[in-house]
Undergrad: 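Input: one structure, supplied below.
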Amino acid sequence: MIVLAFLVQALRIAVPYLFAAAGGVLCERSGVIALTLEGWMLTGAFSATLGSYYSGSAWAGLVCGVAGGLLAASLHALATVRYRADQVVVGIAANLLAVGATRFFLRLAFDSSSNSPRVSGFDWFAAVSGGGTSDGASLLSSLANPLVLLGMLSLPFVSWLLNGTPFGLRVRAVGERPDAAVSVGIHVGRVRWLAVLGAGALASLGGSYLALEQHQFTDSMTAGRGFIALAAVIFGNWEPRRVAVACALFAIAETLQIQLQGLQLIPSQFVEMIPYLLTIIALAGVVGRSVSPAALGRQVD
Amino acid sequence: MNVLRRLAPILAPLLALLIAAVVGDALILTFGQSPAAVYRLLVDGTLGNAYGIGQVIYKATTLACTGMAVALGLRAGLFNIGAEGQLAMGGFAAAVVGLLLPVGTPALLAVPVCLAGAALGGAAVGAVPGVLKARFGAHEVIVTIMLNFIVLAFLNWIVATRLHVPEQLHTPDIRAGAIGRLAGAFPAFHGSAANWTILVALAAAGFMAWHLFRTRQGYELRAVGLQPAAAESGGVHVGRVWLRTMTLAGAIAGLGGTNFVLGYKQYYEEGFAAGAGFIGIAVALVGRNHPVGVLLASLLFAVLSQGGLAVNAVVPKQMVDVLTAVVIIAVAVTVPEMQRLVRGAHGANR
């Protein structure tokens, strides 16, 4: 039962990472730096909360969450693809924008600077299982959420998209050799637009999961998860399968830290550092060097 | 056409500010307020009285330092997203030095020693991406972002376990090295946090200008920023320039930490950097990576930041966070557009 509880908790922690990292892989493989995963998640979480609050339906919340993510991603694509603005600058600024805008509209919509009222989420079996945290049925019921399933499918989906479809071939071509892609008639801008929009939608699903699972939006609730997902993308060398392993690894480390909190074995701050340290080590190439898509961050005229 | 060419560097930030103002109007209108009244409140609360001006000077001091840390990197073609961590480490190092000095150390000795500690602390954090880039080719953007999290987590840990005042998230007061408030000389600033660290920021700007435009190392730095390959074949050791630039940038950001630690609170507190490293990116962009531009831009963003508090009763202060982000994105969009426009106009003229 302890093992089951551990795995369930790790999976729940991993879901937002899987979504955002899937978006990150798609975006970066097309040559657009995914520094705004955090902002897209936060936007998704907030718009999902709005949708769920005003409609009373978690499904409507989900749709709104994705719409919010798409909106934020189209701003990003407009600036970096259409107007060829520096991807790093826009990426960093868009995160500031997401934090500021969600706080601003939190005040506007709910007159609060910290959190929204309770909204409905996906509680399919809550009535059946009742309370009790160690109860197996209630543990499994916390996984009976369409977003958990979607989250687990997100990286396999991106893998299929990249490696099994003509669109994926174009994405990879545009991310590696944009000049060559242009010469065979691929519209680089259009492919990147679609990749960025797809990334925004995926990351916002991760944010929607957070908000709908906690039944509310709280200020800056993504708390750096987008950057951990980015770390997973780089640590996983931009390959969906390895990125999924990286997400699982980071989620397990976090679960261990929560479970062992009472024992004070390792300070929590050091567990927080793990994804970032591993990423830097991977980038420096000490063990199994990460090699980014060749045209990452490069503008195409 | 020459006029347009000369004005282009200023026009782009101005256009960006205009776009931000329009977004600001829209946000204010969603709250059912009059934009003109809110902007007047913002200006009155910042530049309309001595306290407001003092607060603007205080905030601009930190932003000038982080802005220069970003600008210096950009001059060498490096994106220093790590100013946040460098700033925090600088402030922490200054506090540690100030705690280690014996009580009663003369300020003439204690302040420079604390400043040196801050510069070293920031430089150490800045050197890491420099080394990793020069030695392993690791992209400095990712390394500095990740390093921010690592540095802040490390500082939180060390303050929480070793150095904090019970029930607080800050260190004890430093024993020596405090920098006086401006109010000591100009009583009108009474109550504001403005302090003489502003001279450190001005000196850093002077140093940056001299280094960039009057030294051989600065020439190499700019050459690497414009064309690393050409610089390399011209005999410049590009890796060494990267390392030197990131270290120097870290030192300047680290000095910014003394504004809070030595000049304002006399202790290091968890989270004091509060995004100043990221706003430094905006400062560098709007200031066009020039020391004078950075100083002016730091004043602009300090006005915005302080102005948010001034209007908070009417419109949420987060409005200024949105505006800051809009300015950055708009500058990022308008600068290359403007360059294309100028180039296009020039080409058509021939």
Side-chain angles (χ1 to χ4, degrees), chain A residues 33 35 39 75-76 78-80 82-108 113 219 224 227-228 230-231 234 267-286 289-290 292 296-297 299 301, chain B residues 27 30-31 74 79 81 128-129 131-133 135-158 160-161 275 278-279 281-282 284-285 308 312 315-337 340:
Chain A
I33 305 174
L35 284 182
L75 176 72
H76 197 85
L78 187 71
T80 61
R82 166 69 182 80
Y83 287 108
R84 284 165 279 190
D86 189 283
Q87 294 177 3
V88 175
V89 175
V90 175
I92 297 286
N95 284 324
L96 296 178
L97 182 65
V99 173
T102 50
R103 280 185 184 156
F104 184 90
F105 290 110
L106 189 64
R107 276 271 301 265
L108 184 65
S113 55
D219 178 30
F227 288 104
I228 294 183
L230 178 64
I234 297 164
S268 65
Q269 291 92 347
F270 284 81
V271 180
E272 280 172 36
M273 289 181 199
I274 290 173
Y276 311 118
L277 274 175
L278 286 177
T279 304
I280 290 183
I281 293 169
L283 266 184
V286 182
R289 183 186 193 112
S290 289
S292 71
L296 188 62
Q299 300 294 1
D301 286 306
Chain B
L27 291 179
T30 63
F31 254 77
L74 283 174
F79 225 122
I81 315 286
V128 175
V131 170
L132 292 179
K133 173 135 183 144
R135 182 87 177 70
F136 303 108
H139 202 298
E140 79 281 358
V141 167
I142 303 297
V143 173
T144 49
I145 287 177
M146 303 291 153
L147 205 55
N148 278 338
F149 288 107
I150 294 171
V151 166
L152 294 177
F154 173 76
L155 291 179
N156 289 350
W157 170 73
I158 205 160
T161 56
F278 294 111
I279 301 181
I281 298 168
L285 284 173
N312 197 29
V315 183
K317 62 174 185 289
Q318 284 79 22
M319 183 184 88
V320 301
D321 299 337
V322 176
L323 295 190
T324 303
V326 171
V327 170
I328 304 180
I329 296 174
V331 169
V333 168
T334 51
V335 168
E337 280 297 303
R340 262 187 288 276

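Reminder, nothing fancy here: chain letters follow the sequence lines and each chain counts from 1. Hydrogens, waters and symmetry mates are skipped; everything else that's a heavy atom, side chains included, is used.
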Undergrad: Distance from B:Met146 atom CE to A:Ile280 atom CD1, nearest 0.5 Å?
TA: 7.5 Å
Undergrad: So do the side chains of B:Leu27 and A:Phe105 get within less than 4.5 Å of each other, counting heavy atoms only?
TA: yes
Undergrad: A:Ile274 versus chain B, heavy atoms under 4.5 Å apart: side chain, backbone, both or neither?
TA: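 No part of it gets close to chain B.
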Undergrad: Between B:Leu132 and chain A, with a heavy-atom cut-off of 4.5 Å, which part of the residue counts as in contact: side chain, backbone, both or neither?
TA: side chain
Undergrad: Out of curiosity, A:Arg107 CZ to B:Asn312 CG, how far, rounded to the nearest 0.5 Å?
TA: 5.5 Å
Undergrad: Identify which part of B:Ile145 has an atom lying under 4.5 Å from any heavy atom of chain A, answering side chain, backbone, both or neither.
TA: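 For B:Ile145, the side chain is the part near chain A, not the backbone.
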Undergrad: Return the option, out of A:Ala93, A:Ala98, A:Ala79, with the maximum number of heavy-atom pairs under 4.5 Å with chain B.
TA: A:Ala93
Undergrad: Which heavy atom of A:Val90 sits nearest a heavy atom of B:Ala332, and at what distance?
TA: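 Scanning both residues completely, I find the closest heavy atoms to be CG2-CB, 4.0 Å.
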Undergrad: Which one wins on heavy-atom pair count under 4.5 Å against chain B: A:Leu96, A:Val99, A:Val89, A:Thr102?
TA: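 Sorted descending by pairs with chain B, the first entry is A:Val89.
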Undergrad: At what distance, to the nearest 0.5 angstrom, does CZ of B:Phe278 lie from CG of A:Asn95?
TA: 8.5 Å
Undergrad: Which atoms of B:Leu147 come close to chain A, meaning under 4.5 Å heavy atom to heavy atom: side chain ones, backbone ones, both, or neither?
TA: both
Undergrad: Could you give me the CA-CA distance, side-chain angles and deciding distance for B:Phe79 and A:Ile92, then say whether side-chain contact (heavy atoms from CB on, under 4.5 Å) is met?
TA: CA-CA 11 Å; B:Phe79 225 122; A:Ile92 297 286; over 6 Å; no
Undergrad: Against chain B, work out which of A:Ser268, A:Ala85, A:Ala231 has the most heavy-atom pairs shorter than 4.5 Å and name it.
TA: A:Ala85
Undergrad: To the nearest 0.5 Å, what is the distance between CD1 on B:Ile142 and OH on A:Tyr276?
TA: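 One gets 12.5 Å once the value is rounded to the nearest 0.5 Å.
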Undergrad: Report yes if the side chains of A:Ile33 and B:Val141 come closer than 4.5 Å at any heavy-atom pair, otherwise no.
TA: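 Contact flag for A:Ile33/B:Val141 side chains = no.
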Undergrad: Looking only at heavy atoms, what is the nearest atom pair of B:Ile150 and A:Met273, with distance?
TA: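 It is O-CE, 3.6 Å.
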Undergrad: How far apart are the closest heavy atoms of B:His139 and A:Leu283, and which atoms are they?
TA: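 For B:His139 versus A:Leu283, the nearest heavy atoms are O-CD1, 4.3 Å.
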Undergrad: At a heavy-atom separation under 4.5 Å, does B:Val322 approach chain A through its side chain, its backbone, both, or neither?
TA: both
Undergrad: Show your working on side-chain contact (heavy atoms from CB on, under 4.5 Å) between B:Val326 and A:Leu97 and close with a plain yes or no.
TA: CA-CA 7 Å; B:Val326 171; A:Leu97 182 65; 4.1 Å; yes
Undergrad: Quick check for you: to the nearest 0.5 Å, what is the distance between B:Leu323 atom CG and A:Phe104 atom CZ?
TA: 9.0 Å
